[in-house]
> 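Let me begin by handing over the structure; questions about it come next.
Every value quoted in this text rests on a predicted model; they were computed, and no experiment measured them.
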Amino acid sequence: MILIIAAVIMVMAIIFFVWKGKKAGEPAEIQNNAQNGAGGGFSEYGIGGDREYPEGIIVLEPGDDYNVMLSDRGLLSSEGSLSAVGGALNPTEGAAAVSAKESASTTTVLVYCIGSDLESENGCATADLREMIESGIGKAKNVNLIIQTGGTKTWKNNAVSAGRLERFRILRDGMYLLEDAEQKSMVDPDTLSEFISWGADKFPADRMCMIIWGRGGGAVSGIGGDEFHEGSLKLTDIDAAFTKAGVHFDFVGFDASLMGTVETAYMLRSHADNMIASQEAEPGGGWYYTGWLRLLAADPAIGTDILAKQLADDMVRYSATCGQAASLSAVRLDRIQGVYSQICSFLANVKTAAAGSDFARIANALSGSGISGDGLYDQTDIVEFALNT
């Protein structure tokens, strides 16, 4: 009887740890939630496949308990009220918070999340929302993380509504619903511009940052994936939206494939100081948000170079644990004008050479130059191409 009881306990323990989804040997700080979002997959929280999602992500409403905790079981409450929370900075001051330096610096991060089939089929956006919450950014002083959601037919959580345009703030250990509106096209530049203008007005800060989340198509197609509306936000559309909103960003990041191009950086040169993007197809897990947001929560004045390095290192390290290759680049934009001019001069020479007797040599150099484009078109590593010619 004792052996039977011990065996039952052992089996239950094994089931528990398998259910928790911790991957043996994986560093705790690189526990991402989505593994293969772009091509099917799952997460340690059961995102994707045919599973039910009874817990999802917590939505905080006025009157809800302050001290909310995110767990695999859902909502655990204690005391306090969110009824006084508004658009001002530091509404959570006085509660147990992530350690932050006393600084006059404030930071607002705007996330424009086109859920797409990455969310409806695989829960990739839900996984990233969990990572944001788990970073503790919702408890930080002088930091706002504001998210607009839309563009997907099904959300793998109980917080975000499909077919609606919603705006959230990561607060405490959940998401505080700020606004709820009828569906709009997330690939309309006016929708993007409205969100930027609204976010800058409601949550002004010393440092404004912008992340666009969705299906990336590079310099040719831009970002899209709205399951209700055709089209995409091409580079000209993003440029128009940023120009109309009139907000200058510390960095603009693209959690989407193929956006780390010279063309994208050139478009952003008057809108931001830095660009963070992948020059290749991103794995389904995309960015890993917990690590860099944890640094930002601890010090809202931390340098963008430090945040970008943490983000890139975490993304590459986590993707490797899933057997996937990944790239992410952080680019200063103050010199992109000169780079662009030099590339144009180089390509003019290439065109002249290709029109003459060197066409075969140019074609061979191009084919061996780190081409990416997800099989739809070619984006070439310009440095390799220059060296090969």
> If the test is side chain to side chain donor-acceptor pair (under 3.5 Å), which one of D381, N388, T389 qualifies with S369?
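By the side chain to side chain donor-acceptor pair (under 3.5 Å) criterion, S369 pairs with just one of D381, N388, T389: N388.
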> Salt bridge check: are K309 and D313 linked by an N-O gap of less than 4.0 Å?
yes
> Between V252 and F242, is there a side-chain heavy-atom distance shorter than 4.5 Å?
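SC-SC contact between F242 and V252 confirmed.
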> Which of parallel (below 30°), tilted (30 to 60°) and perpendicular (above 60°) describes F203 and W198?
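Because their plane-to-plane angle is over 60°, the rings of F203 and W198 count as perpendicular.
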> Test your reading of the model: is there a side-chain donor-acceptor pair from E166 to the backbone of S161, 3.5 Å cut-off?
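It does hold such a pair.
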> Is a side-chain donor-acceptor pair under 3.5 Å present for N142 with T106?
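The criterion, which ignores hydrogens and geometry beyond distance, is not satisfied for N142 and T106.
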> Does W155 reach the side chain of T149, with side-chain heavy atoms less than 4.5 Å apart?
yes
> Take atom CZ of R164 as the centre, draw a 6.0 Å sphere, and report whether it contains more than 12 heavy atoms from other residues, nucleotides or ligands.
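Count over threshold, so yes.
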> Using the six-membered ring wherever Trp is involved, compare the ring planes of Y112 and F195 and label them parallel, tilted or perpendicular (cut-offs 30° and 60°).
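If you compare the ring of Y112 with that of F195, the planes turn out tilted.
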> Could you tell me if S329 and Q279 have a donor-acceptor pair between their side chains, going purely by distance under 3.5 Å?
yes
> Is a side-chain donor-acceptor pair under 3.5 Å present for T304 with D250?
yes
> Against D273, only a single residue in H248, R332, R207 fulfils side-chain contact (heavy atoms from CB on, under 4.5 Å); can you say which?
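Testing D273 for a side-chain contact (heavy atoms from CB on, under 4.5 Å) against H248, R332, R207 leaves exactly one candidate, H248.
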> Any salt bridge linking R269 with D334? Criterion: basic side-chain nitrogen under 4.0 Å from a carboxylate oxygen.
no
> Indicate yes or no: does R361 engage D358 in a salt bridge with an N to O separation below 4.0 Å.
yes
> State which residue, out of V109, I137, V111, fulfils the side-chain contact (heavy atoms from CB on, under 4.5 Å) condition with I170.
I137
> Do the side-chain N and O atoms of H271 and D239 include a donor-acceptor pair separated by under 3.5 angstrom?
yes
> Are the charged groups of E194 and K184 less than 4.0 angstrom apart, N to O?
yes
> With no hydrogens and no angle check, do the side chains of S327 and S278 hold a donor and an acceptor under 3.5 Å apart?
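Yes, a side-chain donor-acceptor pair sits under 3.5 Å.
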> I'd like to check E280 versus Q379 (side-chain heavy atoms, cut-off strictly below 4.5 Å). Are they in contact?
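Side-chain contact under 4.5 Å: no.
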> What's the separation between atom CG in L296 and atom OH in Y289, rounded to the nearest 0.5 Å?
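The OH atom of Y289 is 13.5 Å from CG of L296, to the nearest 0.5 Å.
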> Apply ring pair (Phe, Tyr, Trp, His ring centres under 6.0 Å) to F254 and list each qualifying residue two or more places apart in sequence or on a separate chain.
none
> Are S116 and W213 side-chain neighbours, meaning at least one heavy-atom pair lies under 4.5 Å?
yes
> Check whether any side-chain N or O of D117 sits under 3.5 Å from a backbone N or O of S120 as a donor-acceptor pair, and report yes or no.
no
> Do T152 and E227 have side-chain N/O donor and acceptor atoms under 3.5 Å apart?
yes
> Do M132 and L293 make a side-chain contact, defined as non-hydrogen atoms from C-beta onward lying under 4.5 Å apart?
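Yes, their side chains come closer than 4.5 Å.
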> So does F359 have more than 12 non-hydrogen atoms from other groups sitting under 6.0 Å from CZ?
no
> Any side-chain heavy atom of F385 within less than 4.5 Å of one from L366?
yes
> Any side-chain heavy atom of M175 sitting closer than 4.5 Å to one from L129?
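A side-chain contact exists here, since the closest heavy-atom pair is under 4.5 Å.
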> Let me confirm one number: the OG1-CG distance from T126 to L118, rounded to the nearest 0.5 Å.
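Separation between the atoms: 11.5 Å.
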> Applying the 4.5 Å side-chain criterion to the ILVMFWY set and letting contacts propagate, would L295 and M315 be lumped into a single cluster?
yes
> Does any part of the side chain of L307, heavy atoms only, come nearer than 4.5 Å to the side chain of Q310, both counted from C-beta?
no
